[in-house]
Amino acid sequence: MNEIIEIPNRGGNITSVTAPALPEERKGLTKKEVAADHPTWCPGCGDFSVLALYFKLIEKRKMWHEKITTVAGIGCSSRFPYFVQAHGAHYIHGRALPFASGISLSRPDLHVFVFGGDGDAFSIGGNHFNHTARKNIKMTYVVMDNWVYGLTKKQTSPTSPLGFKSKTDQWGAVDYPINPMKQAIAAGATFVARTTHTNPNHVLQMMEAAMDHDGFSFIECLSECVEFYEGAFDASNPRKGGVFNEVPKDHNVTDELAAYKMAGEDFPGRFGIFYKVSKPTKNAKEADINKTAMEKVKGLKDWQILQKNFDRMK
Ligand SMILES: Cc1ncc(C[n+]2csc(CCOP(=O)(O)OP(=O)(O)O)c2C)c(N)n1
Ligand code: SF4
Ligand SMILES: [Mg+2]
């Protein structure tokens, strides 16, 4: 069946576009069909695993090229959209979320995925993170947290632990790190989850749940930088003698305080969905406003709406 896509224009009218006819049974895209350039990450970098699971998600959820939107800022992790053969943008450092917000608000038929690093998200992009979360704009934001600035070769990041020796803290980091999970909950994100690149099934599970959430979904995904912070997450990896503890089955995901408390547990902490609530999105609220505005100009052509506005200003 042909899909009708409705795109509101600035005059408040809706342009309906009929998508090309599709074969009844369209198979999910395989990795081969959606993988672009060879990723330029260092061998063994955790980011490879996140990308592989995004490809799996695309295939499993039958997202086709025209529906895939991958956005990122700047950093090793933010190279992500280069490696996906579909629509996307490698945008300005820390500014991926406002760019993604525009896409999300204007294209309700898409689900936007944003990938990036801890520096991009919480340092230069810290304010955008807080505001996109509080606005509850529908999208999934995966922060590939490696506790360091990888691309610029080892500076302290907002998530680096105290004492971490880097090019900016030669005697060890002295600033208290932020806690991404607490930050997301406090900012108003309506879906907050945590996973790690060493557990592929879990990463996929979290991405699927985030994609199905109607609102701003945030995932902190531990992703090891083998070049500048090797072994950072060993304590969370059973293959390295660590423990992978899931969120307890009886945890109430709508309990904000319980989620906040769990986020404060010492590393390696818990993995899974900490917090999930249903709240109207900015997307839905704006769609309502547009609908009401459009009722008022029903049947008018764009130039007539403009004329009306000019007349009002006389
Ligand atoms: C406006 C601006 N400031 C600084 C930089 C330099 N810069 C590039 S990436 C980066 C930080 C990358 O760290 P992170 O976001 O954690 O990504 P990673 O490389 O660790 O995946 C910085 C400071 C830049 N590109 N643009
Ligand atoms: S520098 Fe670190 S984060 Fe960047 S590609 Fe290499 S291992 Fe990955
Ligand atoms: Mg980083």
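Every number for a ligand or one of its atoms is a count from 1 in the order of the listing. From a predicted model like this one, the values you see are computed outputs, not experimental measurements. These values consider heavy atoms only, across backbone and side chains, with no hydrogens, waters or symmetry-generated copies.
- Inspection of the Y141 and T132 side chains reveals no N or O donor paired with an N or O acceptor under 3.5 Å.
- Remark: the D47 side chain and the S77 side chain contain no N/O donor-acceptor pair separated by less than 3.5 Å.
- With a heavy-atom cut-off of 4.0 Å, T152 touches ligand 1 through its side chain alone.
- Side chains of T30 and E33: a donor on one and an acceptor on the other come within 3.5 Å.
- Between the side chains of Y149 and S123, at least one donor N or O lies within less than 3.5 Å of an accepting N or O.
- Listed by atom number, the atoms of ligand 2 under 4.0 Å from V226 heavy atoms are 7 (S).
- The pair E66-R26 meets the salt-bridge criterion, since a charged nitrogen lies less than 4.0 angstrom from a carboxylate oxygen.
- Ring-plane geometry between F80 and F115 is classed as parallel, the angle between the planes falling under 30 degrees on a 0 to 90 degree scale with a further cut at 60.
- The pair K314-D311 meets the salt-bridge criterion, since a charged nitrogen lies less than 4.0 angstrom from a carboxylate oxygen.
- At a cut-off of 2.8 Å, measuring from atom 4 (Fe) of ligand 2, the protein N, O or S atoms that fall short of it are C76 SG, waters left aside.
- Ring geometry for W41 against F48 counts as perpendicular: the plane angle is over 60°, on a 0 to 90° scale with 30° as the lower cut.
- Residue Y149 has at least one heavy-atom neighbour below 4.0 Å for each of these atoms of ligand 1: 11 (C), 13 (O), 20 (O), 23 (C).
- Only side-chain heavy atoms of N146 come within less than 4.0 Å of ligand 1; its backbone N, CA, C and O stay farther off.
- In the candidate list L151, T159, D145, L151 is nearest to atom 9 (S) of ligand 1, counting heavy atoms.
- Of all atoms in ligand 1, numbered sequentially from 1 with element shown, those under 4.0 Å from a heavy atom of C76 are 18 (P), 19 (O), 21 (O).
- Put simply, the side chain of E230 reaches to within 4.5 Å of the side chain of E224, judged on heavy atoms.
- With distances taken over non-hydrogen atoms, the option nearest atom 21 (O) of ligand 1 out of S78, A72, S77 is S77.
- Using a cutoff of 4.0 Å between basic side-chain nitrogens and carboxylate oxygens, R61 and D212 are scored as salt-bridged.
- Nearest protein heavy-atom contact of atom 25 (N) of ligand 1 is I74 CG2, 3.8 Å.
- Proximity to G150 (heavy-atom distance under 4.0 Å) selects the following atoms of ligand 1: 18 (P), 19 (O), 20 (O).
- Taking atom 15 (O) of ligand 1 as the reference point, the nearest protein heavy-atom neighbour is D120 N, 2.7 Å.
- With atom 23 (C) of ligand 1 as the reference point, the heavy atom nearest to it among K154, H93, Q155, R95 is part of H93.
- Contacts between I124 and ligand 1 below 4.0 angstrom, taking non-hydrogen atoms only, involve the side chain exclusively.
- Exactly one residue among W147, F271, F244 makes a ring pair (Phe, Tyr, Trp, His ring centres under 6.0 Å) with F233. That residue is W147.
- With 3.5 Å as the limit, one finds a donor-acceptor pair spanning the side chains of N283 and S104.
- For ligand 1 and G119, the ligand atoms under 4.0 Å from any heavy atom of the residue are 14 (P), 15 (O), 16 (O).
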